[in-house]
Visitor: 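The following block contains the structure, expressed as structure tokens.
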Amino acid sequence: MMQSCNRRWDSYMNYIIAFMLSSAISVAVADDALPPTSTQDSVFHFPALHYQNEIVSKDVIGPHVSTTLPSPSRFWTAAPMTDRNLNPNRSSWLVALRDLIESEDDKLLNWTGLPGAMYTYPLTNTMSTVRILGGWSNSMFVNPSVENSTAPCCSRDVCHPLPACTPPGCCRESHIDLSDNSTMRSFSNDSRLGVPRMCCNPADWSDVAYPSSAVRDMHSRTSRSFNLRLEALFARLDHIVNNSILPVLVLDNVDYMFVDNATVGKYGQNMAPSNYSLYSEYISEILSNMVSRYGRNETSKWWYRIGTEPNTRPGHWGDTNEHYNTMYDYVANAIVNVIGPDALVGPGNFCPFYEPGTGCNRSIRGGGLNATVQPIMEHLCHGHNAATGGWGSPVRFLGSSFYGSDGMEGCTRGEGCGYNPANAALAGQGLQYLQHLNASKLGTVPLQFMEYGTLTNAYTRVSAEPGAFGGAWTVASSIQAAANGVSRVFHWKLFDNVDTPVNSTPNSTQRRLYYSNAFVAAAARKVFADADHAQILQTESAETLAKPTGSTMRSPGNLSASAMGAWSQDATIFSLMASVFATHKNASAQTVSKFRFSCGTVAERTGRAAADACEGSYGATGLYLTRERSPYDVILQEAQQNNWTRFNDGEVYSLGGMLNSAGQAALPQRAARYLGLQRDLFTPSQLPTDVVHVECSAGNCELSLTATPPTVIAVRIDVTRRTQ
């Protein structure tokens with residue numbers, strides 16, 4: 001029976017916020033993943049798990065969560081790609097497979113690209129194409145016939161769309177009237193005024209659509225009153241499709257020509273089309289051209305996402321819920337008509353409406369569950385479809401963004417509230433809540449974090465956290481997400497170019513230093529190999545860690561240990577990836593974490609008794625990440641010793657963000673040392689028994705991990721080879 005879409009989550013969210021922002025954060029797993037069907041206020045219990053010196057894994061996490069993760073080696077192999085990165089200059093982000101092999105990065109990452117590809121983005125087989133049709137906040141001149149023709153426009157002010165502007169371009173300055181469509185010139189003298197004029201392309205020059213008539217009123221336009229810059233579209237998409245990367249085609253910022261009163265928000269044009277039928281015709285023609293170019297068999301595999309964070313008014317979306325719903329109906333109908341009834345279409349990834357302390361969970365910002373997310377989902381569940389006249393719209397997947405950050409409302413900076421992995425559990429539960437608004441329709445659709453990573457640190461500076469802390473956070477938060485139904489995350493940047501941190505020359509000719517999120521993805525590929533699913537084991541500790549001497553942090557951080565494990569197809573290898581993580585970056589207490597697994601799978605697949613298959617002690621081969629072994633943490637330490645850091649804050653950043661000019665100048669000469677550290681980090685070896693110890697008895701095994709946070713291990717245990 002369909003559950004009502006009208007249940008409110010106010011009491012649930014208020015409780016979550018109060019719980020997570022309490023002075024002593026007890027992290028555990030909720031009794032129930034979803035709000036009750038009753039509309040009455042309810043109390044949700046989060047029992048704390050108290051341990052002293054050990055953290056012991058539970059056999060199951062709880063009755064409400066998933067205990068398996070499908071395709072563990074693929075969980076981290078998706079990424080977003082945005083507007084001007086989708087340019088015809090493929091060397092700005094793709095790496096030639098030949099160069100990947102010559103640098104031996106293919107062995108480092110266990111990644112040889114995708115079938116039939118000549119170029120690759122390391123560790124990525126799926127890519128979302130954000131703003132691929134245009135609607136950008138400023139313009140870039142695009143000439144696909146010239147490899148390096150993409151150039152930014154001169155300033156934000158001159159890049160707004162101009163009335164009756166027709167390509168190839170036009171100019172604008174506040175003191176010059178250019179309504180006569182003067183041709184584009186760059187820093188040329190205006191013969192009428194005798195003064196220099198700064199000119200560049202307007203924002204709509206990057207749009208795939210441009211008007212074929214001078215009529216500006218969308219409601220007055222007749223069918224097919226637009227032209228297409230197909231060469232610009234294919235220049236952005238070819239390098240993805242032709243290298244076997246699966247696109248998530250994002251149809252978000254509406255092209256300027258379809259909007260009477262275009263508004264430029266933080267990320268570009270953010271209003272709905274003024275004529276939905278005309279815009280639907282445009283989308284249909286775009287899709288038909290894609291089918292002709294890439295084939296129906298290929299385009300039927302793509303995902304089609306309508307929008308990006310539609311609950312971020314006035315960010316990605318500046319219009320109303322009703323206008324988003326109407327646009328969704330028309331665009332989804334166009335997709336289904338062209339691609340087919342089984343087209344993989346879904347709404348934009350929602351900005352976090354479940355994370356405590358973030359703006360998007362507050363109705364006053366227009367992004368809260370009750371103000372935006374639920375009304376949109378109500379419509380998609382069973383609202384009147386403006387395009388078809390029926391009820392509801394197709395939804396084949398649901399997504400959200402998820403970020404870790406030290407800066408959260410109501411939490412003192414440095415306390416690490418926003419890095420708490422339990423927030424990822426809330427994120428998954430939020431998506432599960434949306435599923436259960438219409439369980440018969442949405443109950444089995446995949447849930448994904450379509451933007452995932454870290455944002456700002458305690459000093460409000462953006463950091464991808466490429467060191468050990470970021471790696472441990474990645475594993476810990478991913479396990480929490482997977483335990484609550486999330487099947488995949490879309491990572492951001494994976495590496496820096498060692499020779500030129502500012503990326504001024506093509507990646508394919510440079511040496512690359514990989515972030516800790518790339519380490520996690522590569523380690524998963526190496527240890528899980530052919531495993532089709534992983535068992536999730538985790539525990540959380542309310543044990544507080546002593547503050548280091550001289551620490552300015554107000555309170556100690558929470559410690560968590562979590563892991564996922566899987567058997568190989570022949571049941572001879574048990575693989576495990578684990579994280580020991582503390583929300584405070586300067587927590588230093590050594591812990592012993594214990595993870596248990598059963599050899600029942602061996603018995604099932606081989607017919608041998610589990611007790612005979614696993615008995616005694618075993619060694620573990622694999623990879624492990626600590627601050628001492630992390631190239632980025634070592635670079636920070638050496639940069640501090642030589643006064644090479646941009647900021648005196650002790651934080652790890654990307655190379656360009658961490659090193660001042662002197663540090664960047666010294667980097668190429670020191671690169672061999674850092675690349676050597678990276679090679680050791682990514683190369684499997686026998687792990688010391690004082691770090692990892694495996695003991696089995698009567699068919700049950702226990703892996704003990706002695707570590708100081710932050711630590712990540714990824715190991716393989718051969719149960720056919722006992723050490724004693």
Side-chain angles (χ1 to χ4, degrees), residues 27 49 51-59 61 69 72 421 467-480 482-483 516 519-520 523-524 526-528 534-543 545 557-567 573-583 587-599 614 616-630 633 681-682 684-697 700-719 723-724:
V27 186
L49 304 178
Y51 299 102
Q52 297 301 318
N53 298 319
E54 290 188 347
I55 302 176
V56 184
S57 70
K58 294 176 290 181
D59 293 330
I61 307 168
L69 169 67
F469 179 87
W473 176 87
T474 296
V475 175
S477 61
S478 293
I479 288 175
Q480 287 275 10
S516 55
F519 169 82
V520 171
K526 291 182 179 183
V527 301
F528 289 117
Q535 173 100 13
I536 299 170
L537 297 174
Q538 78 182 60
T539 187
E540 303 285 353
S541 173
E543 174 190 17
L545 306 179
N558 265 32
L559 178 69
S560 66
S562 48
M564 62 177 71
W567 284 99
I573 304 292
F574 185 79
S575 301
L576 181 140
M577 176 177 282
S579 166
V580 177
F581 177 76
T583 57
S588 58
Q590 188 176 81
T591 65
V592 178
S593 307
K594 295 188 177 182
F595 305 99
R596 299 191 180 107
F597 59 95
S598 169
C599 291
C614 301
S617 299
Y618 295 86
T621 301
L623 308 95
Y624 68 104
L625 170 68
T626 63
R627 282 199 172 103
E628 293 73 24
R629 292 173 55 81
S630 160
D633 287 280
L681 177 65
F682 280 72
S685 62
Q686 188 76 25
L687 272 63
T689 55
D690 61 344
V691 175
V692 176
H693 179 72
V694 183
E695 191 71 33
C696 299
S697 177
N700 293 304
C701 300
E702 183 176 83
L703 182 147
S704 298
L705 169 61
T706 303
T708 299
T711 293
V712 175
I713 66 160
V715 298
R716 289 168 64 87
I717 302 155
D718 188 342
V719 296
T723 57
Q724 65 179 52

Visitor: Quick one: pull up CZ in Phe519 and CG in Leu681 and give me the separation to the nearest 0.5 Å.
Guide: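 Reported to 0.5 Å precision, the distance equals 4.5 Å.
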Visitor: Return the CD1 to CD1 distance between Ile717 and Ile573, rounded to the nearest 0.5 Å.
Guide: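 Rounded to the nearest 0.5 Å, the CD1-CD1 separation comes out at 9.0 Å.
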Visitor: For the side chain of Thr591 and the backbone of Ala707, is there at least one donor-acceptor N/O pair under 3.5 Å apart?
Guide: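 Yes: the side chain of Thr591 pairs with the backbone of Ala707.
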Visitor: Compare every heavy atom of Phe595 with every heavy atom of Ala578, then report the nearest pair and how far apart it is.
Guide: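 Closest approach of Ala578 to Phe595: CB-CE1, 3.9 Å.
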Visitor: Please round to the nearest 0.5 Å and tell me the distance separating atom NE2 of His693 and atom NZ of Lys594.
Guide: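 If we round to the nearest 0.5 Å, His693:NE2 and Lys594:NZ are 9.0 Å apart.
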Visitor: Given side chains that start at C-beta, do those of Met577 and Ile479 come closer than 4.5 Å, heavy atoms only?
Guide: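 Result no, sub-4.5 Å side-chain heavy-atom pair not found.
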Visitor: Just wondering, do Val691 and Thr706 contact through their side chains at under 4.5 Å, heavy atoms?
Guide: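 Side chain of Thr706 against side chain of Val691, heavy atoms only: no contact under 4.5 Å found.
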Visitor: List the atom of Thr626, the atom of Ala468, and the distance in Å for their closest heavy-atom pair.
Guide: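 Scanning both residues completely, I find the closest heavy atoms to be C-CB, 3.6 Å.
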Visitor: Once rounded to the nearest 0.5 Å, what's the spacing between atom CH2 of Trp473 and atom OG of Ser516?
Guide: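 Those atoms lie 10.0 Å apart.
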Visitor: Test Ile713 against every option in Leu576, Leu623, Val527 by the side chain to side chain contact (heavy atoms under 4.5 Å, CB included) rule and name the one that passes.
Guide: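 Option passing the side chain to side chain contact (heavy atoms under 4.5 Å, CB included) with Ile713: Leu576.
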Visitor: Starting at CZ of Arg629, measure out to CZ of Phe682 and round the result to the nearest 0.5 Å.
Guide: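 Output value for this atom pair is 11.0 Å.
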Visitor: Which pair of non-hydrogen atoms, one from Arg716 and one from Ser575, has the smallest distance, and what is that distance?
Guide: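 Taking Arg716 first and Ser575 second, the nearest heavy atoms are CG-OG, 3.5 Å.
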Visitor: Please state whether the sulfur gamma atoms of Cys696 and Cys701 sit closer than 2.5 Å to each other.
Guide: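 Bridged: Cys696 to Cys701.
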Visitor: Is there a side-chain contact between Leu625 and Ser630 (heavy atoms, below 4.5 Å)?
Guide: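 In contact.
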Visitor: To the nearest 0.5 Å, what is the distance between OG (Ser477) and CZ (Phe581)?
Guide: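 Nearest 0.5 Å value for the OG-CZ distance: 8.0 Å.
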Visitor: Using the ring of each side chain (for Trp, its six-membered ring), is Phe574 parallel, tilted or perpendicular to Phe597, with breaks at 30° and 60°?
Guide: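 Ring orientation, 0 to 90° scale: parallel.
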Visitor: If only atom types and distance count, is the side chain of Thr711 paired as donor or acceptor with the main-chain N or O of Thr708 below 3.5 Å?
Guide: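 Confirmed, Thr711 side chain pairs with Thr708 backbone.
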Visitor: Which heavy-atom pair separates Pro421 from Thr583 by the least distance, and what is that distance?
Guide: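 Nearest pair, atom of Pro421 first, then Thr583: CD-CG2, 4.4 Å.
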Visitor: Where do Pro709 and Arg627 come nearest, in terms of heavy atoms and distance?
Guide: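 That would be O-NH1, 4.0 Å.
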Visitor: State, to 0.1 Å, how close Val580 and Ser593 come at their nearest heavy-atom pair, and which atoms those are.
Guide: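 Val580 and Ser593 have their closest heavy atoms at CG2-OG, 3.7 Å.
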Visitor: Is the closest side-chain heavy-atom distance between Leu703 and Val715 below 4.5 Å?
Guide: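 They are in side-chain contact.
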